[in-house]
2 protein chains.
Amino acid sequence: MSQRDFVSAEEVAQRAGVSRSAVSRAFTPGASVSEATRQKVLQAAEELGYQVNHLARGLMRNESGIVCLIVSEVATPYRSALLRELTQQLQIVGKVAMLVNTDRSDGSVDRALQQAIRYRADASIILSGLPDKSITQLCLRSGQRLVLINRDDDQPGPLRINLDDHEAAGRVVTAFVRAGCTKLAFANSEAGTPSLMAREAGFIAAAKAHGLDVVVERYGWTGYEAGKLVAQRLLTQSERPDAVFCATDLLACGLMDAARHQFSLSIPDQLCVVGFDDIEQASWSSYDLTTFAQPVAAIARQAVTWLGESPSSDRLEGHSVTLHAELAWRGSVRGG
Amino acid sequence: MSQRDFVSAEEVAQRAGVSRSAVSRAFTPGASVSEATRQKVLQAAEELGYQVNHLARGLMRNESGIVCLIVSEVATPYRSALLRELTQQLQIVGKVAMLVNTDRSDGSVDRALQQAIRYRADASIILSGLPDKSITQLCLRSGQRLVLINRDDDQPGPLRINLDDHEAAGRVVTAFVRAGCTKLAFANSEAGTPSLMAREAGFIAAAKAHGLDVVVERYGWTGYEAGKLVAQRLLTQSERPDAVFCATDLLACGLMDAARHQFSLSIPDQLCVVGFDDIEQASWSSYDLTTFAQPVAAIARQAVTWLGESPSSDRLEGHSVTLHAELAWRGSVRGG
DNA sequence: GCAGCATTTGCACACGCTTGCAAAAAGCGT
DNA sequence: ACGCTTTTTGCAAGCGTGTGCAAATGCTGC
């Protein structure tokens with residue numbers, strides 16, 4: 001294998017004329033070192049290009065500084081935005097992100113968590129998929145923190161961060177009603193994740209409260225193409241909907257494009273559309289989509305600060321946080 | 001601190017009734033263990049939920065299995081797509097990605113590389129920014145491999161993966177000329193990275209070869225908003241361009257939206273547009289943008305296979321790979 | 001100068017793993 | 001049964017670091 005040769009604390013100690021422990025202490029905030037030797041060490045380290053070996057440090061301290069991010073569909077706008085916030089927040093508190101892509105087969109979330117354990121990650125943050133309960137238990141038993149984002153699992157132990165999907169979906173109905181819409185539809189994928197289903201259920205429930213029915217169409221994976229296909233199905237029905245709530249902005253973009261370019265419908269005059277996530281493209285003037293903003297920064301902050309807190313408090317019970325999704329009014333619904 | 005308690009090889013050995021070394025060997029492919037004890041160990045490990053400590057393993061083997069990805073603007077479509085491919089490819093060869101976000105201040109690329117060294121990453125892949133030469137030297141001296149993607153640096157040592165930007169830009173001119181365009185423009189940002197500048201230079205050079213002038217406009221950061229603003233500047237000129245090559249798809253999207261919605265221009269009838277990157281949105285029917293496809297999968301494969309090769313071959317000279325950007329013909333240019 | 005105290009320093013062990021080496025066990029041909 | 005070779009096994013050293021403990025050093029006030 002490659003002949004790797006990083007400089008060690010030993011060499012620094014030798015050059016600075018001190019003991020190896022002095023070097024260690026010089027790099028440990030709050031350790032007992034005189035300013036004089038600290039400077040000698042730091043200079044020697046600088047000259048040699050010494051960097052503390054975090055593998056060894058993690059081994060000793062029993063704290064690696066690694067946080068594992070488990071995520072599929074990394075290249076999706078919402079996911080990548082969340083990724084950006086998480087990595088940034090983590091770095092601020094001195095941790096580093098290990099990214100595990102679970103796009104391949106399923107059950108790979110479990111293997112991802114195993115990977116996290118192998119590297120003795122201080123915590124794992126799961127953005128997609130759901131781990132097997134046994135693996136979750138193993139993580140907690142090993143003292144690894146766990147954060148579930150937007151996966152409404154009821155296992156105790158992990159921190160669960162969710163949005164008020166159900167309630168938010170209700171607010172869409174009133175918006176549609178105020179715009180004078182009567183034939184409501186919901187566009188979803190077949191993924192069936194809890195958050196998607198909560199939006200669907202909330203929408204239907206609120207519609208019923210207004211005495212309105214809603215046509216539901218689900219197709220494939222939650223992306224642009226699926227949105228186009230759902231549009232085909234919805235807009236060719238005998239009673240064409242005049243308002244559709246899409247479970248996701250990507251679905252909404254696909255649906256809007258199909259509505260305009262294939263069915264020559266004008267938005268919002270003939271069709272009102274609302275999405276969810278507030279991805280960057282939602283604000284592009286071709287879409288100008290009214291949508292719910294995922295508070296990605298707040299989500300990331302919640303997750304990271306929880307990691308910093310003392311774990312003793314609610315180790316057994318776990319913690320659940322519900323954040324508010326604010327409706328970003330744009331031009332895809334009449335009468336904002 | 002948290003009382004972490006992972007199960008160790010010692011406990012597994014005890015339960016399986018073998019020595020520590022047997023456990024170690026059971027988890028080392030190709031090590032000398034009898035099938036019988038191997039099974040005993042594996043079962044005990046399974047029951048206890050044992051996972052090899054990769055920090056300790058990395059310390060011994062002098063090979064962490066970590067590859068550091070250094071990247072800014074993670075949430076950008078092109079970057080996130082590259083990220084997806086890289087993580088996937090890395091996982092296939094049994095490595096794991098450590099993601100360092102350099103969005104904050106500059107010079108942070110250097111700090112990111114220091115982080116990579118601290119964790120004894122086997123390699124670092126730089127997707128954005130450029131490291132200081134001294135840090136690069138330190139990495140190489142320490143035996144850490146380095147890959148630069150689309151940053152045309154001439155330092156020896158690292159693997160440099162680039163596209164044929166200059167030549168590709170030339171092909172745009174012929175496409176525009178064939179479409180009957182005569183008033184060419186180039187839309188760029190002020191980022192000034194080598195790949196962006198190569199596209200600009202290639203475009204101008206090829207235009208000159210055809211006896212055509214080109215108006216260049218640069219503004220801000222390479223994104224959608226910049227595209228809109230560049231459009232304002234370009235389309236209000238006395239001699240309005242009839243064809244514009246955008247250094248990036250995001251710029252192109254912004255420019256197209258402005259052209260259509262603010263200037264009521266029809267694309268491609270009154271204005272031809274070509275972009276670069278082939279982000280997902282380029283194929284959305286609202287844009288249907290003719291653009292150059294970044295061969296993200298090929299780039300990732302190149303990087304990862306190079307990491308697997310023996311380092312002895314060209315340690316000093318480094319290696320440079322130029323990949324081909326294929327033009328994806330769509331509807332934003334007349335007469336594909 | 002010296003006792004008394006606070007601060008700094010070095011030694012040595014521990015963390016969990018891999019691996020060379022020699023001893024033990026197993027296979028094999030006669 | 002024996003000697004021989006091949007495989008398997010345990011011991012112990014080592015990877016680079018943090019840290020408790022005791023020794024050493026530096027101060028302060030007489």
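Keep in mind that the numbers below use all heavy atoms, side chains included, and drop hydrogens, waters and symmetry copies.
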What's [X] touching, base or sugar-phosphate or nothing? Going by heavy atoms closer than 4.0 Å.
X	value
A/S8	sugar-phosphate
B/Y50	sugar-phosphate
B/S24	base

Inset, instruction - Identify, between B/A56 and B/S34, the residue whose nearest nucleotide on DNA chain D lies closer to the 5' end. - result: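 Going by which nucleotide is closer to the 5' end, it is B/S34.
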
Inset, instruction - Using a cut-off of 6.0 Å, state whether more than 12 heavy atoms not belonging to B/E10 lie near its atom CD. - result: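 More than 12 heavy atoms, drawn from other residues, nucleotides or ligands, come within 6.0 Å of this atom.
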
Inset, instruction - Verify the contact: side-chain N or O of B/T37 to OP1 or OP2 of D/dT9, cut-off strictly under 4.0 Å; return yes or no. - result: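 For D/dT9, OP1 or OP2 has a side-chain N or O of B/T37 closer than 4.0 Å.
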
Inset, instruction - Ignoring backbone atoms, establish whether B/R120 has a side-chain N or O less than 4.0 Å from OP1 or OP2 of D/dC15. - result: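 Looking at the OP1 and OP2 atoms of D/dC15, neither is under 4.0 Å from any side-chain N or O of B/R120.
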
To the nearest Å, how far apart are [X] [atom1] and [N] [atom2]?
X	N	atom1	atom2	answer
A/L55	C/dT18	CG	P	13 Å
B/R57	D/dG16	CZ	C1'	18 Å
B/F6	C/dC17	CZ	P	11 Å
A/F27	D/dT19	CZ	P	15 Å
B/L59	C/dA14	CG	P	17 Å
B/I117	D/dG16	CD1	P	15 Å
A/E63	C/dA14	CD	P	22 Å
A/E35	C/dT7	CD	C1'	14 Å

Legend entry - Heavy-atom side-chain proximity of B/R25 to B/R20 below 4.5 angstrom: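 No, side chains not in contact.
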
Among the nucleotides [options], which one has an atom lying closest to any side-chain atom of [X]?
X	options	result
A/R20	C/dG10, D/dG10, C/dA12	C/dA12
B/R25	D/dG18, C/dT19, C/dG10	C/dT19
B/V18	C/dC17, C/dT19, D/dG10	D/dG10
B/M60	D/dG10, D/dG18, C/dC17	C/dC17

Inset, instruction - Decide if the gap between the ring center of B/F6 and the ring center of B/Y50 is smaller than 6.0 angstrom. - result: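 No - the distance between ring centres of B/F6 and B/Y50 does not fall below the 6.0 Å cut-off.
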
Inset, instruction - Specify the residue among B/T28 and A/V33 whose closest nucleotide of DNA chain C lies further upstream toward the 5′ end. - result: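 Nearest nucleotide further toward 5': that of A/V33.
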
Legend entry - Considering all heavy atoms, the nearest A/R145-A/E309 contact: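 For A/R145 and A/E309, the tightest heavy-atom pair comes out as NH1-O, 3.2 Å.
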
Legend entry - Euclidean distance, A/D122 CG relative to A/S64 OG, rounded to 0.5 Å: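 Between atom OG of A/S64 and atom CG of A/D122 there are 4.0 Å.
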
